Participant: 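Attaching a single structure in structure tokens format; questions to follow.
By convention in this document, chain letters (A, B, ...) are assigned in the order of the sequence lines, proteins followed by strands, and residues within each chain are numbered from 1. Model, not experiment: these values are computed from the prediction.
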Amino acid sequence: MEVILPIANATAAAIARVSAAFNAPHARAVVFGIHIDGHLVVEGLLIAAILFQLSRKSYKPPKKPLTEKEIDELCDEWKPEPLCPPIKEGARIDTPTLECAAGPHTTIDGKEVVNFASANYLGLIGNEKIIDSCVGSVEKYGVGSCGPRGFYGTIDVHLDCEAKIAKFLGTQDSILYSYGISTIFSVIPAFCKKGDIIVADEGVHWAVQNGLQLSRSTVVYFKHNDMASLASTLEKLTHGNKRTEKIRRYIVVEAIYQNSGQVAPLDEIIRLKEKYRFRVILEESHSFGVLGKSGRGLAEHYGVPIEKIDIVTAGMGNALATDGGFCTGSVRVVDHQRLSSSGYVFSASLPPYLATAAISAVNHLEENPAVLSNLRSNIALLHKELSDIPGLEIASDILSPIIFLKLKKPTSSAVADLELLEVIAEKVLKEDSVFIAATKRSNLDKCRLPVGIRLFVSAGHTESDISRVSTSLKMVASSVL
Amino acid sequence: MVRLPYTTALTTLFSYGLLFAFGQLRDFFRKLIDWFRVKDVKGYAPICLGLEDFYVRRLYLRIQDCFGRPIASAPDSWFDVVERYSNDSNKTLQRTSNTSRCLNLGSYNYLGFAAADEYCTPLVIESLKKYSPSTCSVRVDGGTTKLHTELEELVARFVGKPSAVLFGMGYVTNSAIIPCLVGKGGLIISDSLNHNSIVNGARGSGATVRVFQHNSPAHLEEVLREQIAGGQPRTHRPWKKIIVIVEGIYSMEGELCKLPEVIAVCKKYKAYTYLDEAHSIGAVGQSGRGVCELLGVDPADVDIMMGTFTKSFGSCGGYIAASKEIIQHLKLSCPAHLYATSMSPPAVQQVISAIKVILGEDGSNRGAQKIARIRENSNFFRSELKKMGFEVLGDNDSPVMPIMLYNPAKIPAFSRECLRQKVAVVTVAFPATPLLLARARICISASHTREDLIKALDVISQVGDLVGIKYFPAEPPKIAEADHDKLE
């Protein structure tokens with residue numbers, strides 16, 4: 001108690017002295033009619049101090065750009081990688097060279113072989129009428145068309161071919177492209193831009209993947225040919241998301257998948273598409289001229305009206321035995337591509353003799369529907385005969401003209417699998433003169449489906465050809481595997 | 001280089017502004033009218049929203065008849081253009097069966113192989129009968145025939161590289177090769193006016209893309225120094241490799257590339273070079289071997305040479321020529337080789353015969369004659385046009401010559417008037433060229449005779465006066481020496 005009292009007294013005295021100083025008459029000045037109290041001076045000094053600090057630049061470490069000499073040194077010491085990686089030992093670069101047309105029987109190295117490596121589904125290679133029409137076309141128009149479609153590269157046979165295909169399929173219009181794989185990777189970026197949503201099958205082939213990448217849209221893959229996975233993906237994307245109604249949405253599927261031979265269930269896809277309001281882009285390269293009662297493709301096969309599919313594309317290098325591709329749909333869809341599809345606008349048009357070949361091929365298909373029944377019986381026969389090969393199993397659908405054989409017991413890496421399959425293919429060619437091909441994957445391909453041996457069945461194959469290939473495959477497979 | 005006078009720029013901008021305003025007015029009325037019409041596609045977002053296709057709907061459709069003109073014969077020096085009419089002010093065009101025979105100044109027919117040729121066509125027909133129009137198969141499976149291997153060796157020999165590989169389409173060649181050569185972590189430096197196929201290939205590869213000013217080796221050096229010193233974006237790690245892509249002849253400018261300087265810069269900084277000779281192979285050079293021969297560059301200095309067969313050889317397809325290792329690597333990994341149908345055998349035979357004619361191996365000297373004729377024709381035509389006062393771009397010896405039009409109204413005027421006088425020209429506008437720089441592009445062929453060229457010059461001069469595109473003063477006609485003496 002005795003200590004606190006003097007301290008309290010001293011504090012009170014100090015406060016009294018300070019307030020007296022502040023309240024002293026000289027502390028009150030009147031400048032321009034404003035009373036200036038003492039505390040205003042302190043506040044003024046504080047404001048001055050704050051302003052001084054704000055006006056000073058903050059400390060940044062000084063930026064020193066590289067001098068010319070330093071850039072020279074960096075350029076000298078930079079070492080680039082070689083332009084291409086070194087080739088692995090034993091990589092197969094040379095492929096068997098044909099010495100005549102790639103029909104059901106062809107010649108390799110002077111020997112006659114049975115050819116199951118060409119996608120000549122309707123057997124139109126070597127057809128006399130088609131070749132005659134092509135000869136007439138070459139004599140009239142020359143070989144190349146010497147210009148893009150916009151600059152005098154449109155020849156009347158192109159317009160006739162487009163009209164013919166549209167009439168054959170029952171669509172409003174169609175557009176021709178000059179190369180098979182450029183069709184799909186030009187169509188997708190023409191319609192899908194940044195910000196759109198695309199749902200695609202994970203087993204689509206490289207050209208479709210390239211188109212999806214070039215379109216810069218959001219791409220979501222669903223499990224290969226699995227409708228439940230597709231339904232759940234569509235549900236997830238549209239559930240509760242109001243924004244999705246304003247952006248364009250597409251489903252991209254192939255009718256017959258090149259990488260596995262599966263057939264897409266179109267009726268299910270159309271049902272899902274109408275429920276969730278997506279547009280469908282259907283890639284029909286291997287089903288045009290094959291599926292359906294008269295060869296009109298997957299839509300006829302499932303009895304779906306062709307108007308329900310928004311965009312149909314196909315390469316003509318398979319059933320129609322020519323080159324190039326087409327895309328068909330409504331007038332709006334086709335007209336849009338004539339100015340915004342890069343593979344159409346910036347590239348020379350299809351050589352006229354190939355367009356003539358396409359017209360003749362479609363005519364032939366319309367006049368001889370018997371080729372389709374030949375093809376189907378061949379496929380069924382081969383399917384039956386190959387169902388009991390040791391070590392290989394059929395992964396493709398029973399209707400598909402591509403018979404896809406994959407290893408029953410795959411090794412750990414795709415490269416080793418491919419090596420095994422190539423050995424089988426080589427032995428089959430050397431020992432039994434049967435020409436088949438194993439699927440080869442580019443390292444840029446993102447598809448993860450298993451590799452296998454592909455057999456392309458043609459309407460021109462005879463029963464003896466089919467029994468030859470099946471016996472030879474059985475023998476070689478049992479010896480190698 | 002294009003020198004755009006101020007008055008022309010102002011009038012062109014004014015024209016485009018007027019067209020834009022009218023287009024917006026029409027769109028507004030269309031929206032009003034559509035308000036009352038029932039929409040039949042519910043729930044789907046439209047294919048093109050709002051302004052995305054404004055240019056197509058309101059500007060391009062007005063002059064649609066100048067583009068995409070169908071022809072009914074081979075694209076030779078004279079051809080038949082199909083007449084079309086429209087019932088709904090150019091929205092749709094119907095074909096008639098009438099044709100008019102016109103002089104062809106638009107097709108890429110540099111050496112005159114477009115129509116039936118006396119040496120090539122019989123061989124093509126023979127190969128058609130032997131190999132059929134298509135092999136229906138990819139190169140690695142069953143699509144390689146003897147013709148393909150023969151052509152690959154011939155192309156490699158012609159261009160001067162150790163080996164070559166073929167593809168069925170020029171566009172696909174560029175878009176599928178560039179991703180094989182460079183991927184993420186690499187740098188592509190391409191000329192600002194490169195073709196769409198190169199842009200697509202560069203985008204698809206995943207590498208970083210930088211652009212240098214058109215045909216400027218100094219700017220290329222600047223960009224290279226900056227990029228090598230800076231490294232990859234954000235991580236600043238060194239680049240894995242750098243590829244510089246240039247073209248031999250730029251098709252919209254008609255200019256040759258400054259190849260020796262570009263090669264020197266690339267060698268100094270250890271960048272790889274990729275030369276796209278789509279328009280120059282077969283058309284320039286002493287023996288038709290392209291810009292390397294014309295500018296005196298050793299083909300071994302260019303790492304990868306690409307070209308197409310559409311222009312000078314009258315066929316279709318493309319090739320890549322490079323060292324053996326690179327070609328082997330491409331054959332193993334390029335998607336266009338592994339997944340695309342192989343080139344059609346008759347087209348391959350056409351190229352083989354065309355190259356043999358050019359090299360003189362068919363036993364005649366028609367090849368050398370063609371090459372000399374195209375050089376003469378191009379130089380004659382270009383100098384005459386310049387004398388008349390047109391603004392012509394491009395270098396000497398290049399068979400592509402753009403004539404500047406600038407104004408959007410002059411494009412259909414020039415094109416339609418020339419067609420009426422039986423000369424078919426190609427006019428190019430936005431988006432293939434910058435907005436203000438519309439032009440008419442002439443492609444000279446070795447099959448044009450001197451009379452054809454003189455007729456073309458007459459017509460173009462007349463139409464040029466009518467349309468008003470002689471932006472430079474014309475040279476006065478020289479008085480003949482004999483008359484001069486007579487006066488004295």
Participant: Does a side-chain N-to-carboxylate-O contact under 4.0 Å join A/Asp335 and B/Lys91?
Facilitator: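 Salt bridge: no.
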
Participant: Check whether B/Thr135 reaches the backbone of A/Ala102 with its side chain - one donor and one acceptor, N or O, closer than 3.5 Å.
Facilitator: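 Side chain of B/Thr135 to backbone of A/Ala102: no pair is present.
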
Participant: Could you tell me which of B/Val81, B/Asn109, B/Val172 has the largest number of non-hydrogen atom pairs under 4.5 Å with chain A?
Facilitator: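 With the most close heavy-atom pairs to chain A, the winner is B/Val172.
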
Participant: Taking A/Trp78 for its side chain and B/Trp239 for its backbone only, find out whether a donor-acceptor pair lies under 3.5 Å.
Facilitator: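 Yes, A/Trp78 side chain to B/Trp239 backbone: donor-acceptor pair under 3.5 Å.
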
Participant: Check each atom of B/Ser127 against the heavy atoms of chain A and say whether the ones under 4.5 Å are side chain, backbone, both or neither.
Facilitator: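 For B/Ser127, no heavy atom lies under 4.5 Å from chain A.
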
Participant: Just give me the residue among A/Leu159, A/Asn443, A/Asn318, A/Leu354 that pairs up with chain B most often, heavy atom to heavy atom, under 4.5 Å.
Facilitator: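 Most heavy-atom pairs within the cutoff with chain B belong to A/Leu159.
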
Participant: What residue, out of B/Lys129, B/Glu226, B/Arg225, B/Gln350, has the most heavy-atom pairs lying under 4.5 Å from chain A?
Facilitator: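 Most pairs with chain A among the choices: B/Arg225.
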
Participant: Can you confirm if the aromatic rings of B/Phe79 and A/Tyr152 lie within a centre distance of less than 6.0 Å?
Facilitator: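 Yes - the distance between ring centres of A/Tyr152 and B/Phe79 falls below the 6.0 Å cut-off.
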
Participant: Mind ranking A/Pro82, A/Ser349, A/Pro189 by heavy-atom pairs under 4.5 Å with chain B and telling me who comes out on top?
Facilitator: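 Most pairs with chain B among the choices: A/Pro82.
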
Participant: How long is the gap from OG1 on A/Thr439 to OH on B/Tyr339, to the nearest 0.5 Å?
Facilitator: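 Result: 8.0 Å between the selected atoms.
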
Participant: In a check of side chain to side chain contact (heavy atoms under 4.5 Å, CB included) between A/Leu444 and each of B/Ser333, B/Ser205, B/Pro335, B/Cys334, which one passes?
Facilitator: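 When side chain to side chain contact (heavy atoms under 4.5 Å, CB included) is applied between A/Leu444 and each of B/Ser333, B/Ser205, B/Pro335, B/Cys334, only B/Pro335 qualifies.
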
Participant: Taking every non-hydrogen pair under 4.5 Å, which of A/Ala101, A/Pro85, A/Gly142 racks up the most with chain B?
Facilitator: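 Counting heavy-atom pairs under 4.5 Å, the top option is A/Ala101.
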
Participant: Among B/Pro238, B/Ala336, B/Ser73, B/Ala115, who wins on heavy-atom pairs under 4.5 Å with chain A?
Facilitator: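 The option with the most such pairs is B/Ser73.
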
Participant: In terms of heavy-atom pairs under 4.5 Å with chain A, which of B/Lys130, B/Glu325, B/Lys331, B/Lys311 leads?
Facilitator: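 Of the options given, most contacts go to B/Lys130.
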
Participant: State, yes or no, whether a side-chain contact exists between B/Ile326 and A/Cys84 at a heavy-atom distance under 4.5 Å.
Facilitator: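 The answer is yes; the side chains approach within 4.5 Å.
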
Participant: Taking every heavy-atom pair that is under 4.5 Å apart, which of A/Asn210, A/Val345, A/Leu320, A/Ile131 has the most such pairs with chain B?
Facilitator: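 Heavy-atom pairs under 4.5 Å are most numerous for A/Ile131.
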
Participant: For the side chain of B/Lys241 and the backbone of A/Leu83, is there at least one donor-acceptor N/O pair under 3.5 Å apart?
Facilitator: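 Side chain of B/Lys241 to backbone of A/Leu83: a pair is present.
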
Participant: Knowing that exactly one of B/Ser353, B/Ser315, B/Cys316 qualifies, which makes a side chain to side chain contact (heavy atoms under 4.5 Å, CB included) with A/Val143?
Facilitator: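 Among B/Ser353, B/Ser315, B/Cys316, the one meeting side chain to side chain contact (heavy atoms under 4.5 Å, CB included) with A/Val143 is B/Ser315.
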
Participant: Considering the options B/Asn196, B/Asn200, B/Val199, which one meets the side chain to side chain contact (heavy atoms under 4.5 Å, CB included) requirement together with A/Phe346?
Facilitator: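 Checked B/Asn196, B/Asn200, B/Val199 against A/Phe346; only one passes side chain to side chain contact (heavy atoms under 4.5 Å, CB included): B/Asn196.
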
Participant: Using non-hydrogen atoms and a 4.5 Å limit, figure out which bit of A/Thr97 sits close to chain B: side chain, backbone, both or neither.
Facilitator: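 For A/Thr97, backbone and side chain are both near chain B.
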
Participant: Quick check on the interface: out of B/Ala424, B/Gly170, B/Pro179, who has the most heavy-atom pairs with chain A under 4.5 Å?
Facilitator: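 Ranked by heavy-atom pairs under 4.5 Å with chain A, first place is B/Ala424.
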
Participant: Any side-chain heavy atom of A/Ile87 sitting closer than 4.5 Å to one from B/His329?
Facilitator: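 With C-beta onward as the side chain, the pair touches.
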
Participant: Please check: side-chain N/O of A/Tyr179 versus main-chain N/O of B/Gly317, any donor-acceptor pairing under 3.5 Å?
Facilitator: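 Side chain of A/Tyr179 to backbone of B/Gly317, a donor-acceptor pair under 3.5 Å: no, none is there.
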
Participant: Between the side chain of B/Lys270 and the main-chain N/O of A/Pro80, is any donor-acceptor distance below 3.5 Å?
Facilitator: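 Side chain of B/Lys270 to backbone of A/Pro80, a donor-acceptor pair under 3.5 Å: no, none is there.
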
Participant: Which residue out of A/Gly144, A/Ser442, A/Ala437 racks up the most heavy-atom pairs below 4.5 Å with chain B?
Facilitator: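 Most pairs with chain B among the choices: A/Ser442.
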
Participant: In Å and rounded to the nearest 0.5 Å, what is the CG to CG distance from B/Asp141 to A/Asn115?
Facilitator: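 Rounded to the nearest 0.5 Å, the CG-CG separation comes to 10.0 Å.
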
Participant: Report yes if the side chains of B/Arg95 and A/Asp160 come closer than 4.5 Å at any heavy-atom pair, otherwise no.
Facilitator: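 In short, these two side chains touch, coming nearer than 4.5 Å.
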
Participant: Go through A/Ile130, A/Val157, A/Asp72, A/Thr106 and name the one with the most non-hydrogen pairs under 4.5 angstrom from chain B.
Facilitator: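 Option with the top pair count is A/Asp72.
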
Participant: What I want to check is whether the side chains of B/Thr144 and A/Thr95 have a donor and an acceptor closer together than 3.5 Å.
Facilitator: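 B/Thr144 vs A/Thr95: donor-acceptor pair found between side chains.
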
Participant: Do B/Tyr171 and A/Ser186 have side-chain N/O donor and acceptor atoms under 3.5 Å apart?
Facilitator: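 Checked: B/Tyr171/A/Ser186 side chains show no N/O donor-acceptor pair below 3.5 Å.
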
